[in-house]
Novice: 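Handing you this structure, nothing more for now.
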Amino acid sequence: MSRIDRAGVGVEVPPGWEGSISGGGFELMSDGAKEPTVMHLASFPLPVERGSFGSGAVELMGGQDVFVSLFEYGPESADTPLFAAQGIPRRLDARQFDRDALQHAMPQQSGLQQFFTHNGRAFCLYVVLGSHIDRADLLPQVNAVLESLQID
């Protein structure tokens, strides 16, 4: 496995997967804008151009593929009701996934979205599985990635 780290977010990228972390942890950019931290991991080649929650990537997924996005919201969101859950979700269950939880409905796929606060930082974890039927078989890959996720 290789490890990627940026803006206080780090994760192990499994062999055969691709991963990236962009953004600056809401640090002020040179143009005055604040750029959120966004982590993408996928069991398939990630296109260069893709949305924060995987648009442009999830359309390329096969039935045995997995896509994981971690999106940071501003510090004002931490500990608000939407982000009340504390700590990184480490173990996801197949029953949490739903075809209706996708940003864009895709045949066969299943998704999950969880909002949480960790170390005073607010995040959304968004996971897409290539097959709703095979979600229990795909989840061990996702859970292994989540076990390695660190947020400072």
Side-chain angles (χ1 to χ4, degrees), residues 1-26 29 33-74 77-78 80-85 87-118 121-151:
M1 286 199 198
S2 62
R3 183 162 186 84
I4 55 175
D5 292 280
R6 182 173 180 162
V9 175
V11 69
E12 296 290 334
V13 181
W17 284 43
E18 290 191 8
S20 69
I21 302 174
S22 61
F26 276 93
M29 307 307 281
K34 292 183 179 180
E35 187 176 3
T37 303
V38 180
M39 180 192 79
H40 287 161
L41 295 172
S43 63
F44 58 96
L46 286 168
V48 174
E49 297 294 323
R50 58 188 183 271
S52 296
F53 293 95
S55 58
V58 296
E59 295 84 355
L60 305 175
M61 292 175 68
Q64 297 303 303
D65 286 326
V66 172
F67 174 81
V68 178
S69 174
L70 184 71
F71 184 91
E72 184 174 13
Y73 288 83
S77 298
T80 62
L82 180 60
F83 297 92
I88 300 167
R90 299 284 185 193
R91 286 270 171 223
L92 304 179
D93 184 277
R95 293 170 290 192
Q96 296 174 288
F97 284 79
D98 194 313
R99 289 180 173 148
D100 294 329
L102 298 168
Q103 185 182 23
H104 302 289
M106 298 292 294
Q108 312 305 319
Q109 293 181 358
S110 190
L112 165 138
Q113 199 173 34
Q114 288 192 352
F115 297 88
F116 65 96
T117 297
H118 185 76
R121 297 172 70 179
F123 291 91
C124 174
L125 173 69
Y126 180 64
V127 179
V128 179
L129 303 176
S131 170
H132 180 75
I133 292 171
D134 294 331
R135 63 193 182 279
D137 295 332
L138 297 172
L139 268 179
Q141 299 173 69
V142 175
N143 288 335
V145 166
L146 294 177
E147 284 293 328
S148 77
L149 179 61
Q150 294 179 321
I151 301 172

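One is the number of the first residue; the rest follow in order along the sequence.
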Novice: Within the 3.5 Å criterion, strictly below it, is a donor on R50 or S69 matched to an acceptor on the partner's side chain?
Specialist: no
Novice: Quick one about R121 and H118 (side-chain donor to acceptor, distance below 3.5 Å, no hydrogens or angles considered), yes or no?
Specialist: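 No donor-acceptor contact under 3.5 Å links the two side chains.
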Novice: Side chains of Q109 and M61, heavy atoms from C-beta outward: is any pair under 4.5 Å?
Specialist: yes
Novice: Does the side chain of I88 come within less than 4.5 Å of I151's, by heavy atoms?
Specialist: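 A side-chain contact under 4.5 Å exists here.
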Novice: Is there side-chain contact between F123 and F115, with at least one heavy-atom pair below 4.5 Å?
Specialist: no
Novice: Can you name the one residue among H132, R135, Q96 that meets side-chain hydrogen bond (donor to acceptor under 3.5 Å, both in side chains) with S110?
Specialist: H132
Novice: To the nearest 0.5 Å, how far apart are CD1 in I21 and CZ in R6?
Specialist: 8.5 Å
Novice: Taking the side chain from D65 and the backbone from G62, do they hold a donor-acceptor pair closer than 3.5 Å?
Specialist: yes
Novice: Within this structure, what is the CE-CZ distance for the pair M39 and F71, rounded to the nearest 0.5 Å?
Specialist: 13.0 Å
Novice: Answer with yes or no after comparing the ring centroid distance for F83 and F116 against a 6.0 Å cut-off, counting only values under it.
Specialist: no
Novice: Quick check: closest heavy atoms across A122 and G74, and the distance to 0.1 Å?
Specialist: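 Residues A122 and G74, closest heavy atoms: CB-O, 4.2 Å.
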Novice: Answer yes or no: are there more than 12 heavy-atom neighbours, outside R90 itself, under 6.0 Å from its atom CZ?
Specialist: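 It does: R90 CZ has more than 12 such atoms within range.
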Novice: Would you check if L112 and L92 make a side-chain contact, meaning some heavy-atom pair closer than 4.5 Å?
Specialist: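 Yes, at least one pair of side-chain atoms sits under 4.5 Å.
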Novice: A side-chain contact here means heavy atoms from C-beta on lying under 4.5 Å apart; do V58 and L60 qualify?
Specialist: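 With C-beta onward as the side chain, the pair stays apart.
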Novice: Pick out which of L149, L129, L125 makes a side-chain contact (heavy atoms from CB on, under 4.5 Å) with V68.
Specialist: L125
Novice: To the nearest 0.5 angstrom, please state how far the OG atom of S2 sits from the CD atom of E12.
Specialist: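 Rounded to the nearest 0.5 Å, the OG-CD separation comes out at 7.5 Å.
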Novice: Evaluate whether atom CD of E59 has more than 12 neighbouring non-hydrogen atoms of other residues, nucleotides or ligands under 6.0 angstrom away.
Specialist: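 Check passes, neighbour count above 12.
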Novice: Just one of V145, L139, L41, L138 clears the side-chain contact (heavy atoms from CB on, under 4.5 Å) bar with V66, so which one?
Specialist: L138
Novice: Taking atom CG of D100 and atom CG of D98, what is their separation to the nearest 0.5 Å?
Specialist: 4.5 Å
Novice: Does some side-chain heavy atom of Q113 sit less than 4.5 Å from a side-chain heavy atom of C124?
Specialist: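 Touching, per the 4.5 Å side-chain cut-off.
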Novice: Heavy atoms, side chains only, cut-off 4.5 Å: are L102 and V128 in contact?
Specialist: yes
Novice: Taking side chain as C-beta onward, heavy atoms only, is V11 less than 4.5 Å from I4?
Specialist: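 Yes, close enough: below the 4.5 Å cut-off.
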Novice: Under 3.5 Å, is there a donor on one side chain and an acceptor on the other for R3 and Q150?
Specialist: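 Checked: R3/Q150 side chains pair up, N/O donor to acceptor below 3.5 Å.
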Novice: Assert yes or no for the condition that the ring centre distance of F67 to H40 is strictly below 6.0 Å.
Specialist: yes
Novice: How long is the straight-line distance from CD1 of I133 back to CZ of R99, given to the nearest 0.5 Å?
Specialist: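 Here the interatomic distance stands at 5.5 Å.
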Novice: Is it the case that the side chains of T37 and E72 hold a donor-acceptor pair, with the cut-off being a distance below 3.5 Å and no angle test?
Specialist: yes
Novice: Please give me the minimum heavy-atom distance between G10 and D5, naming the atom from each residue.
Specialist: CA-OD1, 3.1 Å
Novice: If you round to the nearest 0.5 Å, how far is OG of S52 from CG of L70?
Specialist: 11.0 Å
